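Naming: A, B, ... by sequence-line order, numbering from 1 per chain. Since this is a predicted model, take the numbers as computed values, not measurements.
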Number of protein chains: 2
Amino acid sequence: MNPLEMIVLSVIGEAPAYGYAITKKIEARSENSIKAGPSVLYPLLKRLEKQGYVSPNWETVRSERTDDDSDGRRRKWYRLTPKGQRRLEQAIRSHRAHTAMLDEFINAGPGAAIEETSP
Amino acid sequence: MNPLEMIVLSVIGEAPAYGYAITKKIEARSENSIKAGPSVLYPLLKRLEKQGYVSPNWETVRSERTDDDSDGRRRKWYRLTPKGQRRLEQAIRSHRAHTAMLDEFINAGPGAAIEETSP
DNA sequence: CCAGATATATCTTTCTACGATATATCGGGT
DNA sequence: ACCCGATATATCGTAGAAAGATATATCTGG
């Protein structure tokens, strides 16, 4: 299970969101340690949509300016489907198991592993 | 940083090991949840070698049978270089940071995240 | 003596990450 | 009035890794 997929599902599960907002939320919360640029995020969202984990919904944001006759900016909002909700829960469980297993490897080596709190 | 790379470095860091033994150790310790088959492990080891993290050393295992004049089975032992040791330590630190960050995403959602101990 | 385990290695396909790029709109500053 | 940076979505090409299949050779237990 892809960690970025879990993050995106988690963000959308928190509250429905559109692509760009997801990117910004991930950047902010990860303190720029995770980059979910357009070329990574949009194909991922398309994948999640195809698998039925999220369902999209277009919004057309009208300009605040009165002298504006354009179609407005498009926003594609994603919400978690029940299937996506189950997927997220399963992802979290498998993530925890995976992490615990990695810790076993790390802590196995006597001199290899470093301390939890390095001096 | 690739989790499998950290696992392999960790296993080798514990004690020098050859490919097949690494596979078996990973299988055993992860209870078959991680498969590091030949097509995954050997290219990875070659990569680690090229980057100077491990240094290989051939061993020729002679048969126990006296009527044996073959060259014997080959074993390629890998040991961690000092650079590999530093790489492993850095990998563990970055893994812990990454895990902590993922937990933030998981725990952020009020109803989204599941409990640590599911009922 | 043979089947299965041990042991290393490559091939090909498939998927994904990621930088670059394209297109279009909104909003604030000058 | 205008421009620039931010907002917003989307695709392309390339490079890299995962994984099943396959090849080769040896050792061991029955």
Checklist entry - Which is true for B/Gly37 with a 4.0 Å heavy-atom rule: it touches a base, it touches only sugar-phosphate, or it touches nothing? => result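 Nothing, no nucleic acid heavy atom in range.
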Next on the checklist: What contact category does A/Trp58 fall into here, base, sugar-phosphate, or nothing, at under 4.0 angstrom with non-hydrogen atoms?
Outcome noted: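 A/Trp58: backbone/sugar contact only, no base atoms under 4.0 Å.
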Taking only side-chain nitrogens and oxygens of [X], does any of them come within less than 4.0 Å of OP1 or OP2 of [N]?
X       : N      : result
A/Arg73 : D/dT7  : no
B/Arg47 : D/dA17 : yes
A/Lys46 : D/dT9  : no
B/Tyr18 : C/dT8  : no
A/Tyr20 : D/dT9  : no

Checklist entry - If each of A/Ser39 and B/Asn2 is mapped to the nucleotide of DNA chain D with the nearest heavy atom, which maps nearer the 5' terminus, i.e. the 5' end? => result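 Nearer the 5' end of the strand: A/Ser39.
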Which nucleotide in [options] has an atom nearest any side-chain atom of [X]:
X       : options               : answer
B/Tyr78 : D/dA19, C/dA9, C/dT6  : C/dA9
B/Lys76 : D/dA8, D/dT11, C/dT8  : C/dT8
B/Val40 : D/dT9, D/dA18, C/dC18 : D/dA18

Between [N] ([atom2]) and [X] ([atom1]): distance, integer Å:
X       : N      : atom1 : atom2 : value
B/Lys24 : C/dA5  : NZ    : C1'   : 8 Å
B/Glu5  : D/dA17 : CD    : C1'   : 12 Å
A/Ile22 : D/dA10 : CD1   : C1'   : 15 Å
B/Gln51 : D/dG16 : CD    : C1'   : 12 Å
A/Lys25 : D/dA8  : NZ    : P     : 13 Å
A/Leu45 : C/dA17 : CG    : P     : 12 Å
B/Glu59 : D/dC27 : CD    : C1'   : 13 Å
B/Arg75 : C/dT6  : CZ    : P     : 10 Å

Is it true that [X] and [Y] make a salt bridge, defined as a side-chain N closer than 4.0 Å to a carboxylate O?
X       : Y       : result
B/Lys24 : B/Glu27 : yes
A/Glu59 : A/Lys76 : no
B/Arg87 : B/Glu5  : yes

Item to check | Sole candidate of A/Tyr20, A/Tyr18, A/Trp58 that passes ring pair (Phe, Tyr, Trp, His ring centres under 6.0 Å) when paired with A/Trp77 | outcome: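 In the set A/Tyr20, A/Tyr18, A/Trp58, the residue that makes a ring pair (Phe, Tyr, Trp, His ring centres under 6.0 Å) with A/Trp77 is A/Tyr18.
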Checklist entry - Between atom CG of B/Leu102 and atom CG of B/Asn107, what is the distance when rounded to the nearest 0.5 Å? => result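 B/Leu102 CG to B/Asn107 CG: 10.5 Å, rounded to 0.5 Å.
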Item to check | First of B/Tyr42 and A/Leu44 reached from the 5' end of DNA chain C, by closest nucleotide | outcome: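 Comparing both residues, the 5'-ward one is B/Tyr42.
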Next on the checklist: Taking donor-acceptor contacts at under 3.5 Å, does the side chain of A/Arg74 reach the base of D/dT9?
Outcome noted: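 In this structure, the two groups form no donor-acceptor pair.
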Next on the checklist: Quick check against the 3.5 Å criterion: does B/Thr23 have a side-chain atom that pairs as donor or acceptor with the backbone of B/Gly37?
Outcome noted: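 No: the side chain of B/Thr23 does not pair with the backbone of B/Gly37.
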